[in-house]
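The structure appears right after this line, and notes come after that.
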Amino acid sequence: MDVSCNVSSIKLKNPLILASGILDENGYTMKKIIESGASAVVTKSIGIEERKGFETPVIYEEYPYFINAIGLSNPGIDAFASEMNILKGYNVIGSIFGTGPEDFSYLAMKMQEYGAIAVELNLSCPHVKGFGLEIGSDPDLVESIVSEVKSKVRIPVFAKLSPNTHDIIEEAKAARKADALVLINTLKAMKIDINARMPVLSNIYGGLSGKSIKPVGVRYVYEVSKEMNIPVIGVGGIESYEDVIEYIMAGASAVEIGTAIYRHGKGIFKEINNGILNFMKENKIESLSEIRGCALR
Amino acid sequence: MDVSCNVSSIKLKNPLILASGILDENGYTMKKIIESGASAVVTKSIGIEERKGFETPVIYEEYPYFINAIGLSNPGIDAFASEMNILKGYNVIGSIFGTGPEDFSYLAMKMQEYGAIAVELNLSCPHVKGFGLEIGSDPDLVESIVSEVKSKVRIPVFAKLSPNTHDIIEEAKAARKADALVLINTLKAMKIDINARMPVLSNIYGGLSGKSIKPVGVRYVYEVSKEMNIPVIGVGGIESYEDVIEYIMAGASAVEIGTAIYRHGKGIFKEINNGILNFMKENKIESLSEIRGCALR
Amino acid sequence: MCFKMRYSYIIENVMENENTHTIFFDADFNALPGQFIMVWVPGYGEIPLSLSCTGKPKAITIKAYNEPGMKLINYKKGDKLFYRGPYGNHFSLVDGKKLIIAAGSGIASMHPLIDDNSIIIESLKRASDIIFEKELKGRAIFTTDDGTLGIKGHVIDALKNVNLNDFDMIYVCGPELMMKSVFDFLKDKNVRAEFSLEREMKCAVGICDSCSVSGIQLCTEGPVFTN
Amino acid sequence: MCFKMRYSYIIENVMENENTHTIFFDADFNALPGQFIMVWVPGYGEIPLSLSCTGKPKAITIKAYNEPGMKLINYKKGDKLFYRGPYGNHFSLVDGKKLIIAAGSGIASMHPLIDDNSIIIESLKRASDIIFEKELKGRAIFTTDDGTLGIKGHVIDALKNVNLNDFDMIYVCGPELMMKSVFDFLKDKNVRAEFSLEREMKCAVGICDSCSVSGIQLCTEGPVFTN
Ligand SMILES: Cc1cc2nc3c(=O)[nH]c(=O)nc-3n(C[C@H](O)[C@H](O)[C@H](O)COP(=O)(O)OP(=O)(O)OC[C@H]3O[C@@H](n4cnc5c(N)ncnc54)[C@H](O)[C@@H]3O)c2cc1C
Ligand SMILES: Cc1cc2nc3c(=O)[nH]c(=O)nc-3n(C[C@H](O)[C@H](O)[C@H](O)COP(=O)(O)OP(=O)(O)OC[C@H]3O[C@@H](n4cnc5c(N)ncnc54)[C@H](O)[C@@H]3O)c2cc1C
Ligand SMILES: Cc1cc2nc3c(=O)[nH]c(=O)nc-3n(C[C@H](O)[C@H](O)[C@H](O)COP(=O)(O)O)c2cc1C
Ligand SMILES: Cc1cc2nc3c(=O)[nH]c(=O)nc-3n(C[C@H](O)[C@H](O)[C@H](O)COP(=O)(O)O)c2cc1C
Ligand code: FES
Ligand code: FES
């Protein structure tokens with residue numbers, strides 16, 4: 001049985017990638033995650049300059065909700081070189097964010113220089129003004145960012161899109177020059193504590209991730225896989241091997257896992273991998289390509 | 001202690017309204033719901049002609065997910081007269097859907113004639129082609145529908161908007177002539193059964209409701225209440241009195257409850273009402289207006 | 001309460017008559033006579049079906065009319081049966097003597113009630129419509145439209161000849177007209193009776209209003225009602 | 001595992017010294033010495049604080065530096081204390097003799113460990129920085145930077161005079177430099193020791209990477225580590 005998979009020109013030993021923003025600011029942490037069974041890690045989204053991110057509280061948790069407003073805290077692309085150094089020889093996908101084509105292409109080139117096997121454009125963070133969501137909802141800007149980055153780097157370029165939209169196909173088409181689409185980022189959401197009578201997150205709004213958003217994530221992967229011919233990486237609410245299979249049947253080439261780590265720990269990658277192998281054995285599936293997109297109608 | 005509330009010119013004995021589409025196709029059922037403690041009911045969305053809706057399965061349930069694709073099944077506005085007749089003297093809000101200003105204003109007039117205390121425009125059903133979501137994402141169309149309906153009926157007009165959007169404020173502004181906004185409808189989502197290897201819902205896509213979407217609903221209510229001066233009715237994932245208080249603190253004038261009924265039964269209205277009263281007592285709150293919007297920053 | 005879609009493997013598919021089959025499947029949920037499940041036939045639809053065996057193995061007995069039904073009766077041993085549930089309330093279980101009144105496939109939901117302490121009155125169109133022949137043997141009074149088995153006529157024609165006071169409980173299931181006639185017949189008699197109603201069901205969890213009668217949801221507050 | 005935001009009522013706010021307060025609150029979760037909670041001061045921020053009492057009532061002892069801290073030490077009896085947790089692992093509980101080595105507010109997390117079987121070495125800037133004076137009485141060896149109490153010097157100066165083999169466990173908490181010096185001092189001695197580390201913490205549930213040291217998350221795999 002073969003759980004390996006290809007995303008554009010990248011070959012992965014299994015479809016399980018660490019999602020951006022979760023345990024991936026620190027080189028040693030990312031190394032641990034890969035040693036725990038992930039086939040690759042996506043770094044925290046890195047910008048041109050250091051950002052402290054928002055004041056605490058930056059997360060709110062009440063299963064099945066997980067809302068975060070970390071605020072793109074990151075050390076800046078230059079300082080990040082030292083973390084990338086720790087990861088030489090490992091499968092690292094560099095996530096980057098910026099305000100326009102110049103930022104993104106500069107950051108992408110840096111990531112390539114640092115040894116990233118691919119670059120993931122964060123076009124979709126829902127809670128930071130001027131980045132992410134605001135970019136993601138402007139198809140022309142998305143198109144020019146993707147084109148510009150593609151023209152500047154040799155490594156594959158993934159575009160991570162926002163689920164806070166009414167027309168994912170329009171968005172996806174704007175990003176069609178990317179080597180793969182990553183769906184989805186978090187849903188803009190919030191929590192008010194009724195006893196404190198105020199929003200919990202210092203930023204008020206945050207991004208909903210985890211279990212609650214899986215049906216939305218699967219739908220985006222399905223919709224895009226059905227309408228377009230482009231590799232898709234599925235993200236959102238994956239907690240079990242069943243969830244991974246669901247995304248793959250919806251058309252995903254691979255998946256990213258984030259929030260689930262807080263309940264299941266880093267062991268989740270091995271656990272899910274074993275689950276997938278068992279499922280394949282029971283159902284006499286030799287390779288994931290047999291079931292990829294099989295639910296598409 | 002006073003749990004009554006006003007939504008535009010309508011006075012309700014408590015803030016708990018039955019949401020559209022749940023136990024509200026049948027006059028006797030709606031009567032039962034009001035007798036169980038709801039201050040008003042919103043009817044199932046009614047169109048010009050009868051619609052059978054989609055083939056089964058039309059729901060998928062796996063707590064905390066609830067996905068439906070009923071497909072706007074309804075008897076048509078003429079046949080619906082007999083259900084409305086059963087409800088004479090009760091607080092019924094008529095939900096309607098159509099393809100443009102003419103449909104909506106015709107249906108609204110009918111609802112007024114049938115004795116509805118208000119009309120709710122369904123501008124947001126996410127899974128039926130040509131209705132709802134497609135309309136809701138066209139601000140000009142929304143604006144002309146709301147204007148047209150407002151010019152034709154005396155009863156208050158509520159506009160129910162879609163959460164499947166990147167800019168709720170743009171949408172809300174298009175509907176600003178309405179007497180209140182209703183936020184939110186379901187999120188477009190889907191479920192694939194990995195053992196059957198196909199989507200569960202016959203329509204493939206459905207709307208995600210229930211617990212999972214509460215943080216998204218609260219955020220929409222908060223965002224609109226903060227930016228605009230228009231009454232808002234909060235909907236989405238309400239299961240407990242805490243959830244109702246959360247929506248009210250986000251600025252909601254009243255709330256609608258739907259999916260929670262399948263776990264809590266019709267008794268949920270009395271239960272929640274008691275919960276609200278206890279909360280008010282413990283916190284020395286005399287009237288809901290004291291806390292309405294108190295979390296807005 | 002968690003009703004997510006599940007599946008069990010089919011153990012056996014028994015043809016009861018031309019278009020009625022009993023499908024046994026290997027499931028370990030708890031259920032009581034009168035409860036039903038929503039059976040999903042992927043690609044064809046989802047339909048409510050009573051459990052005709054509530055122990056181990058479980059079974060459904062289906063008279064195929066529509067697409068999902070036709071597909072279902074062709075399922076083979078080892079196939080997956082998808083379903084959610086069980087849903088609904090159940091027949092009261094009594095220790096004493098039971099009278100079971102059925103018409104057509106209504107007998108399916110009452111099959112688990114049949115034992116040495118029960119008498120069955122069953123009405124059929126014709127003799128060849130009979131199902132559960134073995135279980136009914138020696139315990140059943142039949143009526144048929146064409147007189148090919150038992151009394152020519154309807155359930156009431158058989159019911160008239162029975163001493164109702166012999167029974168601690170009467171269970172009824174079948175087409176609504178038939179149940180109405182039984183209900184009316186029993187109205188002024190001092191007997192305990194339970195009726196299982198069947199209506200179109202879409203959600204089965206009490207929110208879509210498609211199965212409602214007088215503001216009551218058959219799927220959650222029924223399908224069994226007392227006289 | 002459910003760490004949603006909760007609140008408890010404050011029972012008492014005891015001033016330990018100028019800017020250090022112990023706040024007792026009425027909570028019934030289970031916790032062990034060494035664990036911490038994330039305290040939310042609405043409008044001001046959220047900070048990790050060790051439980052300085054783990055029984056009933058619970059308490060936190062905070063040395064106020066930043067905005068949330070300043071706000072917190074002014075909380076009154078009857079106010080709501082918002083928090084989530086408890087988080088992290090805990091000190092090993094041993095039956096025998098314990099040596100507790102603390103500097104500054106590091107003593108807070110080890111307060112629940114103090115009993116008749118323990119000796120404390122505490123290092124302070126000056127005598128007036130002392131907290132938990134009553135509990136420490138007769139059990140503590142002090143060192144101060146300015147010599148206003150006990151030995152003038154650092155923990156190591158006190159540690160040198162102690163027979164380490166008397167102790168079944170050594171617990172250490174304080175600034176990282178101090179812990180490093182203790183760690184190095186103990187390196188070639190054959191003793192059991194546990195160190196509680198403090199780093200910036202944002203999520204406390206092991207996903208934000210802000211508290212990581214060599215790929216280990218202090219919030220979930222720590223804060224207590226063995227030598
Ligand atoms: C709680 C409950 C339990 C049920 N249990 C069983 C069961 O154990 N076994 C079983 O076979 N069915 C059972 N049914 C009925 C079964 O679900 C339906 O037959 C099936 O869903 C098709 O229904 P439909 O109305 O969609 O028929 P359609 O697809 O519309 O059927 C086509 C035609 O067949 C006719 N028809 C449908 N069903 C019957 C019938 N049973 N007898 C005579 N004419 C019929 C319809 O009137 C229609 O004219 C049950 C229904 C409910 C609500
Ligand atoms: C697991 C854990 C448990 C903790 N338990 C406690 C506890 O029980 N009691 C307690 O008082 N604190 C405790 N802390 C520390 C406390 O959380 C921080 O002091 C507080 O969050 C402020 O931290 P900051 O880094 O944001 O400081 P800032 O707001 O950046 O502080 C401003 C300045 O004060 C200095 N400073 C901050 N804290 C200290 C300190 N404790 N000692 C000396 N200088 C300091 C900083 O270096 C900085 O220069 C704990 C921390 C962790 C991680
Ligand atoms: C704490 C946290 C931080 C995140 N930071 C980023 C980020 O920096 N860049 C990004 O593209 N996505 C970020 N995300 C989104 C995730 O990568 C992912 O798209 C989302 O959480 C859905 O997946 P999940 O449900 O498995 O977590 C973050 C998510 C969380 C929970
Ligand atoms: C089964 C079902 C049917 C629905 N039908 C309608 C409808 O006809 N019109 C409408 O405006 N909303 C409809 N909705 C959306 C609800 O009114 C509500 O906006 C949504 O479910 C979120 O609230 P909840 O989480 O309390 O259910 C339906 C929801 C469900 C679950
Ligand atoms: S089937 Fe939906 S309410 Fe009964
Ligand atoms: S505080 Fe976030 S990983 Fe430890």
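Please read these numbers as outputs of a predicted model, since none were measured by experiment. A, B, ... follow the sequence lines: proteins, then strands. Residue 1 opens every chain.
Counting heavy atoms of neighbouring residues, nucleotides and ligands inside a 6.0 Å radius, atom NZ of A:Lys226 exceeds 12 of them. Remark: B:Glu143 CD is packed, more than 12 non-hydrogen atoms of other residues, nucleotides or ligands lying under 6.0 Å away.
Here the closest heavy-atom approach between residue B:Ala295 and residue A:Pro199 is recorded as O-CD, 3.3 Å. The two residues B:Tyr63 and A:Lys211 make their nearest non-hydrogen contact at O-CE, 4.2 Å.
Looking at B:Tyr220, there are no atoms closer than 4.5 Å to chain A (heavy atoms on both sides), in backbone or side chain. Heavy atoms of B:Ile194 lying under 4.5 Å from chain A belong to its backbone as well as its side chain.
Side-chain contact between A:Pro215 and B:Tyr60: absent, with no pair of heavy atoms (C-beta onward) separated by less than 4.5 Å. With contacts defined as side-chain heavy-atom distances shorter than 4.5 Å, the pair B:Val216/A:Tyr65 does not qualify. In this structure the side chain of B:Leu208 never reaches within 4.5 angstrom of the side chain of A:Arg219, judged on heavy atoms.
Under the side chain to side chain contact (heavy atoms under 4.5 Å, CB included) criterion, A:Ala178 pairs with A:Val146, A:Ala159, A:Leu181, not counting sequence neighbours.
Ranked by non-hydrogen atom pairs under 4.5 Å with chain A, the options B:Asp167, B:Ile168, B:Ile67, B:Ile204 are led by B:Ile204. Chosen from B:Met198, B:Lys214, B:Lys191, B:Arg197, the residue pairing most often with chain A at heavy-atom distances under 4.5 Å is B:Arg197.
Using a 4.5 Å heavy-atom cut-off against chain A, the contacting residues of residues 239-253 of chain B are B:Glu242, B:Ile245, B:Glu246, B:Met249, B:Ala250.
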